[in-house]
Amino acid sequence: MASLSGKNVLVIGGSSGIGFATAAGALAEGAKVTIASRSEEKLRAAQALLKGAVEARKLDVSDSAAVEAFFDASPTYDHIVVSGAAFKFGTVRDQNIDDAYAAMNVKFWGAYRVARKATVAPGGSFVFVSGFLSRRPKPNMVLVGAINAALETLAQGLALEMAPVRFNVVSPGIIDTPTRAAMPAEARKTLLENVAKALPVRRVGQAEDCADQILLMLRNTFMTGSVVYVDGGGLLI
Ligand SMILES: NC(=O)c1ccc[n+]([C@@H]2O[C@H](COP(=O)([O-])OP(=O)(O)OC[C@H]3O[C@@H](n4cnc5c(N)ncnc54)[C@H](OP(=O)(O)O)[C@@H]3O)[C@@H](O)[C@H]2O)c1
């Protein structure tokens, strides 16, 4: 299996959660890591936690011109991980349609824009982060499931269209990351405890559980078009 040592790895959404754990893991394997996201503040905080050994670059993947300019000013990365997303939940009837478009614009079109513009070095790859709602739709989260399904199919199509560049997807279940930071602490705790009780593995996921799988996909040159569910058995219940 190829090593990540000395490879240029870009993690979009690397300032938090699954992206941050991926950046930390790649760094530990000797990669040269760049993290990118919208907030300078989050990027600086992540850089400090990663001991400043990574480059941090501002990027909003919902902005086509910004994505073009970012990659025009980039070195050739070996691997690109797209883990950035931000959305509000709500029923199809109740959710503001502009919020719905915005969610798709970041998570689906963001990955699409990156894949359309970025080139990776020979032997390189892309990993997108989707979510198990693609296969297990839930009321109130219908749009997110649909976005995740679209992202998984996008990666599989690109694995053919842009071969031999590899495209893979990690599809997380419930992972305890800062993504739920806006929830009241007690509600968040109860949610995570209930999920842990219900899952076959009896715990919620940690960002590192997903990062391990992402790093494997970067290294394993025989993997392309794969969608791996890192969900503690969430698809089974
Ligand atoms: N945590 C879960 O339970 C779970 C479950 C299923 C799927 N997922 C998926 O896993 C991925 C990572 O989630 P996470 O839990 O690690 O979330 P997180 O901790 O909130 O991290 C999200 C990251 O995306 C960045 N980001 C947001 N909007 C962006 C944009 N427009 N352009 C560039 N970067 C952007 C954020 O930084 P800035 O705010 O600085 O931009 C942050 O670094 C997401 O796609 C999420 O949908 C998570």
Side-chain angles (χ1 to χ4, degrees), residues 10-25 33-47 49-50 54 56-67 69-71 80-89 99 101-114 118 127-138 141 143-152 154-155 169-183 188 191-192 195-196 199 203-211 213-214 227-232 234-235:
L10 169 66
V11 186
I12 299 172
S15 64
S16 178
I18 294 167
F20 177 83
T22 303
V33 177
T34 301
I35 56 174
S37 78
R38 295 164 303 173
S39 152
E40 294 251 12
E41 199 185 334
K42 279 199 209 170
L43 285 168
R44 297 295 154 238
Q47 229 181 354
L49 286 170
L50 294 166
V54 299
R57 299 180 62 196
K58 214 171 150 176
L59 175 65
D60 181 349
V61 293
S62 71
D63 178 340
S64 295
V67 172
F70 182 95
F71 286 105
I80 298 178
V81 177
V82 186
S83 184
F87 34 65
K88 297 175 186 159
F89 296 113
D99 287 345
Y101 289 149
M104 189 83 180
N105 191 28
V106 175
K107 189 159 178 176
F108 175 79
W109 289 110
Y112 185 103
R113 287 181 185 98
V114 169
V127 172
F128 298 157
V129 180
S130 61
F132 82 143
L133 293 175
S134 60
R135 294 267 312 278
R136 206 174 186 288
K138 284 201 170 121
M141 301 181 181
L143 175 67
V144 182
I147 292 171
N148 289 336
L151 196 55
E152 292 171 6
L154 174 70
V169 183
V170 167
S171 193
I174 305 294
I175 312 295
D176 186 11
T177 69
T179 198
R180 290 179 196 84
M183 270 179 92
R188 176 178 168 170
L191 169 81
L192 295 178
V195 168
L199 285 175
R203 70 172 179 88
V204 292
Q206 298 300 319
E208 291 70 20
D209 296 319
C210 295
Q213 182 57 46
I214 294 170
V227 179
V228 174
Y229 297 88
V230 181
D231 65 356
L235 281 183

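Atoms within each ligand, like the ligands themselves, are counted from 1 in listed order.
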Backbone, side chain, both or neither: what part of Phe132 comes under 4.0 angstrom of ligand 1, heavy atoms only?
-> neither

Under 4.0 Å from a heavy atom of Val61: give me the atoms of ligand 1 that qualify, with their elements.
-> 30 (C), 31 (N), 32 (N), 33 (C)

Between Val82, Asp63, Ile175, Ile12, which one has a non-hydrogen atom sitting closest to atom 2 (C) of ligand 1?
-> Ile175

Short question: side chain of Asp209, backbone of Gln206 - any donor-acceptor pair under 3.5 Å?
-> yes

Of all protein heavy atoms, the one nearest atom 40 (O) of ligand 1 is Ser37 OG, 2.7 Å

What is the nearest protein non-hydrogen atom to atom 15 (O) of ligand 1, stated with its residue, atom name and distance?
-> Thr177 OG1, 2.5 Å

In the protein, which heavy atom is nearest to atom 41 (O) of ligand 1, and how far is it?
-> Arg38 NE, 2.7 Å

Heavy-atom closest contact (Pro172 atom, Cys210 atom, distance) | CB-SG, 3.7 Å

Numbered in order shown, the ligand 1 atoms found under 4.0 Å of a heavy atom of Gly131 are 6 (C), 7 (C)

Location of contacts on Ile18 toward ligand 1, heavy atoms closer than 4.0 Å = both

Among the heavy atoms of Pro172, does any lie under 4.0 Å from an atom of ligand 1?
-> yes

Could you tell me which atoms of ligand 1, counted from 1 in the order shown, lie closer than 4.0 angstrom to a heavy atom of Asp60?
-> 30 (C), 31 (N), 32 (N)

Backbone N or O of Phe70 within a donor-acceptor pair of the Arg57 side chain at under 3.5 Å?
-> yes

Which is it for Ser130 and ligand 1 at heavy atoms under 4.0 Å: side chain, backbone, both or neither?
-> backbone

What residue and heavy atom of the protein are closest to atom 43 (O) of ligand 1, and at what distance?
-> Ser15 OG, 2.7 Å

Between Tyr112 and Phe108, what is the ring plane arrangement, given parallel below 30°, perpendicular above 60°, and tilted in between?
-> tilted

Does Ala207 have a heavy atom less than 4.0 Å from any atom of ligand 1?
-> no

Qualifying residues under ring pair (Phe, Tyr, Trp, His ring centres under 6.0 Å), relative to Phe89, sequence neighbours excluded | Phe87

So the atoms of ligand 1 within less than 4.0 Å of a heavy atom of Gly17 turn out to be 16 (O), 19 (O)

For atom 22 (C) of ligand 1, grab the closest protein heavy atom and report residue, atom and distance to one decimal in Å.
-> Ala85 O, 4.0 Å

Nearest-0.5 Å distance that lies between atom NZ in Lys107 and atom OG in Ser62 | 15.0 Å

Side chain, backbone, both or neither: which part of Ile174 comes within less than 4.0 Å of ligand 1 when only heavy atoms are counted?
-> backbone

For Ala207 and Gly17 the tightest heavy-atom approach is CB-O, 3.5 Å

Taking all non-hydrogen atoms of both residues, which atom of Val227 and which atom of Ser171 are closest, and how far apart?
-> CG1-CB, 4.2 Å

Between Arg113 (side chain) and Asn105 (backbone), is there a donor-acceptor pair under 3.5 Å?
-> yes

So which protein heavy atom does atom 4 (C) of ligand 1 come closest to, and at what separation?
-> Gly173 O, 3.8 Å

Looking at ligand 1, does Arg180 have a heavy atom less than 4.0 Å from it?
-> yes

Run through Leu10, Val81, Val61 and flag the one making a side chain to side chain contact (heavy atoms under 4.5 Å, CB included) with Val114.
-> Val61

Minimum heavy-atom distance between Gly84 and Val106, given as atom pair plus value | O-CG1, 4.2 Å

For atom 24 (O) of ligand 1, the protein heavy atom that lies nearest, with its residue and separation = Gly84 CA, 3.2 Å

Under 3.5 Å, N or O to N or O, is Gly13 touching ligand 1 that way?
-> yes

Which atoms of ligand 1 have any heavy atom of Val129 under 4.0 Å away?
-> 9 (C), 10 (O), 11 (C), 45 (O)

For ligand 1, is any non-hydrogen atom under 4.0 Å from Lys42's backbone (N, CA, C, O), its side chain (CB onward), both, or neither?
-> side chain

Taking only residues two or more places apart in sequence, or in another chain, which ones meet Ile174 in a side-chain contact (heavy atoms from CB on, under 4.5 Å)?
-> Phe132, Arg180, Leu192, Val195, Val204

Do NZ/NE/NH1/NH2 and the carboxylate oxygens of Asp231 and Arg135 come within less than 4.0 Å?
-> no

Residue portion contacting ligand 1 (non-hydrogen atoms closer than 4.0 Å) for Asp176 | neither

Arg188 and Ala181 have their tightest heavy-atom pair at NH1-CA, 3.6 Å

Please write down residue, atom name and distance for the protein heavy atom closest to atom 17 (O) of ligand 1.
-> Thr179 CB, 3.6 Å

What one should report as the nearest heavy-atom pair of Ala111 and Leu151 is CB-CD1, 3.5 Å

Which ligand 1 atoms, with their elements, are less than 4.0 angstrom from a heavy-atom of Leu59?
-> 32 (N), 33 (C)

